[in-house]
Amino acid sequence: MVTRRISSATVRAPGHAKGPTDSSRRPSSDATRTRILDAAEELFAFLGYDATSIRDVADKAGVRLALVTYHTGVKEALFDQVVARRASAMAELRNAFLDAALARTRGAPLSIEEIVTGYVHPFVERSSHGGSGWKHYAQLVARLANSPRWGVVISKHYDEVARRYLREMHRALPDLDDLEIHHRFSFMVGTM
């Protein structure tokens, strides 16, 4: 028969803290992930993708290197998650604007002014008044928008909403061809 010695550290009264691994003593997983994404966002915005390492992100976030890869994966996946996080918020705001405007007009075509406002205003408002994270994101998106290298990332996170706004531009300007509508949309995005 094998006997096992049980130490006092193994047996605890119900409700007794478990020690260093107790969830009250370590930051939550979501909070750690947010710190990592915030740090990566700032570094990617100001240093660029190539000049930012996973180690830089870990140092800036104040976490171990292994936690960065645990929460986000490889550098490419981290970068994608940084872009996706705020692109998702932008999509919600832009879609909500269109939904409200189309409900108000009962589906009639919107004016170009309304379309431009619905697409541009959320980004300008957030980057101006949304805190440092949104300012970093605006800097990052400016880098991405001017680089063919990141077209796939931009497309993945922005095209669905862009297509919706392009359809509304077509409805507002039915005499223009697709190429002209795309040029006008690109000009709008560029000035933003």
Side-chain angles (χ1 to χ4, degrees), residues 17-98 116-165 185-192:
K18 296 178 184 176
T21 59
D22 184 296
S23 63
S24 66
R25 292 190 184 192
R26 64 187 159 122
S28 76
S29 183
D30 288 342
T32 300
R33 185 174 178 354
T34 297
R35 278 199 345 262
I36 291 167
L37 292 174
D38 289 346
E41 182 176 66
E42 183 176 354
L43 291 168
F44 288 142
F46 292 104
L47 300 177
Y49 178 84
D50 293 322
T52 301
S53 70
I54 294 289
R55 183 171 304 284
D56 295 333
V57 173
D59 290 346
K60 179 110 182 120
V63 300
R64 292 187 322 268
L65 182 64
L67 275 177
V68 176
T69 55
Y70 171 78
H71 283 283
T72 64
V74 297
K75 184 176 170 181
E76 293 83 6
L78 169 61
F79 188 75
D80 186 75
Q81 290 169 50
V82 165
V83 173
R85 177 174 64 155
R86 296 195 199 271
S88 174
M90 280 291 99
E92 286 179 30
L93 293 168
R94 288 169 172 158
N95 281 326
F97 179 90
L98 270 188
V116 170
T117 298
Y119 198 84
V120 173
H121 182 265
F123 184 79
V124 171
E125 191 279 326
R126 288 289 168 109
S127 62
S128 299
H129 306 293
S132 62
W134 280 99
K135 288 182 186 342
H136 298 151
Y137 189 73
Q139 176 71 29
L140 175 61
V141 169
R143 278 182 179 273
L144 298 180
N146 293 313
S147 171
R149 176 181 181 186
W150 301 112
V152 172
V153 173
I154 291 291
S155 179
K156 176 180 176 183
H157 298 293
Y158 284 96
D159 277 7
E160 184 178 333
V161 173
R163 280 191 292 274
R164 190 168 181 218
Y165 273 81
F185 184 83
S186 295
F187 180 74
M188 174 187 73
V189 171
T191 57
M192 183 179 61

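All values below were derived from every heavy atom in this structure, side-chain atoms included, with hydrogens, water molecules and symmetry-related copies excluded.
Applying the salt bridge (Lys or Arg N to Asp or Glu O under 4.0 Å) definition to pairs two or more places apart or across chains, those involving residues 50-62 are Glu42-Lys60, Asp50-Arg149. Contacts classified as side chain to side chain donor-acceptor pair (under 3.5 Å) and involving residues 131-144 (residues at least two apart or in different chains) are given here: Tyr137-Tyr158.
Put simply, the side chain of Glu41 never gets that close to the backbone of Leu37: no donor and acceptor are under 3.5 Å apart. In this structure, the side chain of Lys156 does not engage the main chain of Ala84 through any donor-acceptor pair within 3.5 Å.
Nearest approach of Gly62 to Arg35, heavy atoms of both residues: O-NH2, 3.6 Å. Across all their heavy atoms, Val161 and Ala91 have their closest contact at CG2-CB, 3.5 Å. Contact between Arg164 and Leu98 at its shortest, heavy atoms only, is CG-CD1, 3.6 Å. Summarising the geometry of Leu67 relative to Ile36, their closest heavy-atom pair is O-CD1, 3.7 Å, with the distance given to 0.1 Å. Closest approach of Thr72 and Ala77 over heavy atoms only: O-CB, 3.3 Å.
One distance of note links CZ of Phe44 with CG of Leu144; it measures 10.0 Å at 0.5 Å rounding. If you take CZ on Arg85 and CD on Gln81, they are separated by 10.0 Å, rounding to the nearest 0.5 Å. Interatomic distance, His157 NE2 to Trp150 CH2, rounded to the nearest 0.5 Å: 11.0 Å.
Surrounding CZ of Phe46 are more than 12 heavy atoms belonging to other residues, nucleotides or ligands, all under 6.0 Å away.
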Exercise answer: donor-acceptor pairs, residues 120-128 side-chain atoms, under 3.5 Å, sequence neighbours excluded:
unit_1 : atom_1 : unit_2 : atom_2 : d
Ser127 : OG     : Phe123 : O      : 2.8
Ser127 : OG     : Val124 : O      : 3.3
Ser128 : OG     : Val124 : O      : 2.8

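Each of Arg86, Glu92, Met90 was checked for a side chain to side chain contact (heavy atoms under 4.5 Å, CB included) with Ser88, and the lone residue meeting it is Glu92. None of Phe187, Phe97, Phe185 except one satisfies the ring-ring contact (aromatic ring centres under 6.0 Å, His included) rule with Tyr119; the exception is Phe185.
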